[in-house]
Colleague: 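Here's a structure for you.
It should be emphasised that the depicted structure is a prediction, and the values quoted were computed from it without experimental measurement. As the structure lists them, so they are numbered: ligands from 1, and atoms in each ligand from 1.
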Amino acid sequence: MKGKPYMDSILNYIDGEFREPYESLYLDNYEPATGTIYGLIPDSDASDVASAVVAAKGAFPSWSRLSNDERCSWLEKIADGIENRIDEFAAAESRDNGKPLHLAKTVDIPRAISNFRFFARAITQWSSESHQMVDVGINYTLRQPIGVVGCISPWNLPLYLLTWKIAPALATGNTVIAKPSEVTPYTAFLLSLVCKDIGLPNGVLNLVHGTGPKVGESMTLHQEIKALSFTGGSATGKRIAAVAAPMFKKLSLELGGKNPNIIFADCNYEKMLATTVRSSFSNQGQICLCGSRIFVERPIYEKFKHDFSERVNRLAVGDPLEASSKIGAVVSLPHMQKVLSYIELAKSEGGRVISGGEQVKLTGRCENGWFIQPTVIEGLDYSCRTNQEEIFGPVVTIMPFDIEEEVLAYANSTTYGLAATLWTENLSRAHRMAEALEFGIVWINCWMVRDLRTPFGGVKSSGVGREGGVEVLRFFTEAKNVCISY
Ligand code: TXE
């Protein structure tokens, strides 16, 4: 669609300039809470990616030669810039994604700020190794930036996940081409305004907006983009890996999940119950870390079912701008239809809806928005499609179990392996289960507790590689071994 003036249309940020897409084509940008178009985003293509690569290549020599302290101060300036505009960023994130404003303001944007601050400081402590061979010589490891790298992010935690890639990539001296999801691009655009305001050197960070097949795939295919950090669906990860493999491109893939939440009868019940409501429905269940399969030890199953569904029924589904809203809009009309179709599938597989299950029709400004009740379903087999496939919405299943071996088999039965949650006060069982669960992350008596120093990522079809901590700094650098003989 040719560009037409909307109040909130956005542009690409390439070589420090705000640019129209090469073909002057635009995509509609929707507000999930109202179901209306509120702006346009560039429908960029390979030509826009190519000009971003030229800019990033041009900026690389000087950016990579800055000291770690100098890059640290640039990242701190970006963090300050976001912090100074936190209300604007939070409002934009909520409008773009449909999540409650208070969630954007207390989680998404603060975590984006801390991403920049964490890696700004981490890089000043960045060290590498040396190994002495007595009477022979010494080996030292040079960790050098890769060059121009690509960062591609999804729509569920838009700025949080994009900055989780951009920050370490820049900290280690790379220059970046970033592509946010075309579904939720606005906070990435605000980030480019901050970079412009602080005078970040041109070409260090470039934001190219558009679709996966046109922009994302062009980034994967571009020879000069030496590494790609991707977060998104497992199917997309497969496509990227297939395209990138013959190019020997360095890849980090953070993909989907179908996470178990295992609750033993000896758990701290009240803490478990409150946390399980959050881990089931935060961000409308659109967090790859949400626990969508809840397994409850039989002695407390009926009590849990009653108490949990009572709390779920009290979760207010409403306008994301209302402080009382706990459940906002799901991110798009197609996604709402996908989630509702899974509720119908669950019923066809023998499931009983014990809470929710319906689309919510609000009144007022949100009357055409995309809202779904938080939904709890029981009575399904662990191996049915509803319990094996990622729904990525406000839908959880619950089922009882009797012994550890049984629930381990249920939990490990999917092709995914991202994050498991476990509730028990039995220390030996906690360690035993943590070892046996086939997941990249295991939370015990908590959920979504994140220490950025730790590796983050999944196994099986939840991904390859790790975000966070030293691991991601290593991803964005090449390790060269230099050996000098005495
Ligand atoms: O993913 P998509 P979505 C997963 C989550 C769910 C999905 C939701 O479980 O499955 O992501 O995000 C771009 N080449 N995680 O629907 O469609 C696309 O434009 C290159 C897991 O957005 O895969 C967007 O910018 N790029 C995660 C991005 O990829 C392509 C946390 C993601 O789009 C492309 C969050 C292509 N061929 C969500 N096709 C975790 N594990 O941490 C699309 N894109």
Colleague: Taking the six-membered ring for Trp, are the ring centroids of Phe295 and Tyr410 within less than 6.0 Å of each other?
Modeller: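 Between Tyr410 and Phe295, which both carry aromatic rings, the centre distance is below 6.0 Å.
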
Colleague: Salt bridge or not for Glu390 and Lys338, using N-O below 4.0 Å?
Modeller: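 Looking at Lys338 together with Glu390, the answer is no, because their closest N to O distance does not fall below 4.0 Å.
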
Colleague: For residues Trp155 and His335, establish whether the separation of their ring centroids is below 6.0 Å.
Modeller: yes

Colleague: Are Trp164 and Phe456 an aromatic pair, judged by ring center distance below 6.0 Å?
Modeller: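 Yes.
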
Colleague: Whether Glu438 and Lys460 form a salt bridge (side-chain N of Lys/Arg under 4.0 Å from carboxylate O of Asp/Glu) is what I want to check.
Modeller: yes

Colleague: Taking NZ, NE, NH1 and NH2 as the nitrogens, is one of them in Lys105 or Glu93 under 4.0 Å from a carboxylate oxygen of the other?
Modeller: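 Between Glu93 and Lys105 there is no salt bridge, as every charged N stays at least 4.0 Å from the carboxylate O atoms.
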
Colleague: Check each N or O atom of ligand 1 against all protein N or O atoms and list the pairs under 3.5 Å, with atom names and distances to 0.1 Å, one per line.
Modeller:
from	atom 1	to	atom 2	distance (Å)
ligand 1	1 (O)	Gly233	N	3.4
ligand 1	9 (O)	Glu390	OE1	3.3
ligand 1	9 (O)	Glu390	OE2	2.3
ligand 1	10 (O)	Glu390	OE1	2.5
ligand 1	11 (O)	Gly232	O	3.3
ligand 1	11 (O)	Gly233	N	3.1
ligand 1	16 (O)	Trp155	NE1	2.7
ligand 1	19 (O)	Lys179	NZ	2.9
ligand 1	19 (O)	Glu182	OE1	2.7
ligand 1	19 (O)	Gly212	N	3.3
ligand 1	22 (O)	Trp155	NE1	3.3
ligand 1	23 (O)	Gly233	N	2.9
ligand 1	23 (O)	Thr236	OG1	2.7
ligand 1	25 (O)	Ser153	O	2.7
ligand 1	25 (O)	Lys179	NZ	3.1
ligand 1	37 (N)	Glu217	OE1	3.3
ligand 1	41 (N)	Leu255	N	3.3
ligand 1	41 (N)	Leu255	O	2.4

